[in-house]
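See below for the structure under consideration.
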Amino acid sequence: MIAKVKATGEIVDVHNSPFYPDIWYGAGLPYGTSELEFISTSKNKCHRLDFLTHFTDQELKDELKRRDKERQSQYPSNLHCRDCKYCREGRTFKHHLWTTTVCFAKPKPKMGSERYYATSLSCKICEKFEPK
């Protein structure tokens with residue numbers, strides 16, 4: 001990743017360690033995140049994990065909660081999996097002979113063909129919800 005050192009204006013190629021996400025190493029020197037101005041180019045795009053290291057766990061959890069509330073606000077609060085067109089009877093594991101309520105929008109390719117994640121008719125809607 002390429003960054004500009006704020007104090008000197010020098011452009012350096014930096015990388016960080018997963019153990020110390022706030023310390024970046026470049027040109028043989030350690031830099032703090034606040035000391036650098038990151039430059040993104042078409043050849044050098046930030047990786048998603050590098051980008052996530054700039055936020056605390058609590059900030060990420062809050063963002064997930066906000067997105068979930070925003071998604072759920074699009075639909076009435078009384079909707080459940082049973083109201084989704086993907087909620088049907090199916091199988092969850094390779095060798096199961098009996099059926100259960102599954103979500104056809106969530107396949108389990110490692111379990112074989114026609115295997116899906118189980119759900120409950122009373123579960124709240126998920127991100128793959130589509131009304132019947």
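We use all heavy atoms of the structure for the numbers below, so side chains are in, but hydrogens, waters and symmetry mates are not.
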Practice problem: Any chance you could measure Y86, atom OH, to C126, atom SG, to the nearest 0.5 Å? | Solution: 10.0 Å
Quiz item: Rest of the hydrophobic cluster containing L121 (Ile/Leu/Val/Met/Phe/Trp/Tyr, side-chain heavy atoms under 4.5 Å)?
Solution: none
Practice problem: Please identify each residue that fulfils side-chain contact (heavy atoms from CB on, under 4.5 Å) with L79, with sequence neighbours left out. | Solution: Y75, P76, D83, I125, F129
Quiz item: Can you list the residues that meet the side chain to side chain donor-acceptor pair (under 3.5 Å) rule with T100, with sequence neighbours excluded?
Solution: none
Exercise. Report the residues that fulfil ring pair (Phe, Tyr, Trp, His ring centres under 6.0 Å) with H96, sequence neighbours left out, ordered by chain and then residue number.
Key: F93, W98
Practice problem: Please assess I2 against I11 for the test side chain to side chain contact (heavy atoms under 4.5 Å, CB included), listing each intermediate value before the final yes or no. | Solution: CA-CA 7 Å; I2 298 174; I11 305 292; 3.5 Å; yes
Quiz item: What's the spacing between K108 NZ and T92 OG1 if we round to 0.5 Å?
Solution: 5.0 Å
Self-check item: Pairwise salt bridge (charged side-chain N to carboxylate O under 4.0 Å, His left out) hits with a residue in residues 84-104, at least two apart
Solution: K85-E130
Self-check item: Under the side-chain contact (heavy atoms from CB on, under 4.5 Å) test, residues paired with E35 that sit two or more places apart
Solution: Y31
Exercise. Please indicate whether K124 has more than 12 foreign heavy atoms, meaning atoms of other residues, nucleotides or ligands, lying under 6.0 Å from its NZ.
Key: yes
Self-check item: Atom NZ of K110: over 12 foreign heavy atoms under 6.0 Å
Solution: no
Quiz item: Looking at residues at least two apart in the chain, or sitting in another chain, which of them share a salt bridge (charged side-chain N to carboxylate O under 4.0 Å, His left out) with E63?
Solution: R66, R67
Self-check item: Under the side-chain contact (heavy atoms from CB on, under 4.5 Å) test, residues paired with T8 that sit two or more places apart
Solution: V5, E10
Self-check item: E37: side chain to side chain donor-acceptor pair (under 3.5 Å) partners, not counting sequence neighbours
Solution: none
Exercise. Taking the side chain as every heavy atom from C-beta outward, state whether L36 and W24 have any pair of such atoms under 4.5 Å apart.
Key: yes
Quiz item: To the nearest 0.5 Å, what is the distance between NZ (K128) and SG (C103)?
Solution: 7.5 Å
Self-check item: side chain to side chain donor-acceptor pair (under 3.5 Å) partners of Q58, counting only residues at least two apart
Solution: D62
Quiz item: Considering residues at least two apart in sequence or located in another chain, which fulfil the ring pair (Phe, Tyr, Trp, His ring centres under 6.0 Å) criterion with F104?
Solution: Y116
Practice problem: With sequence neighbours left out, write down each residue that passes side-chain contact (heavy atoms from CB on, under 4.5 Å) with S122, or none if nothing qualifies. | Solution: R82, S120
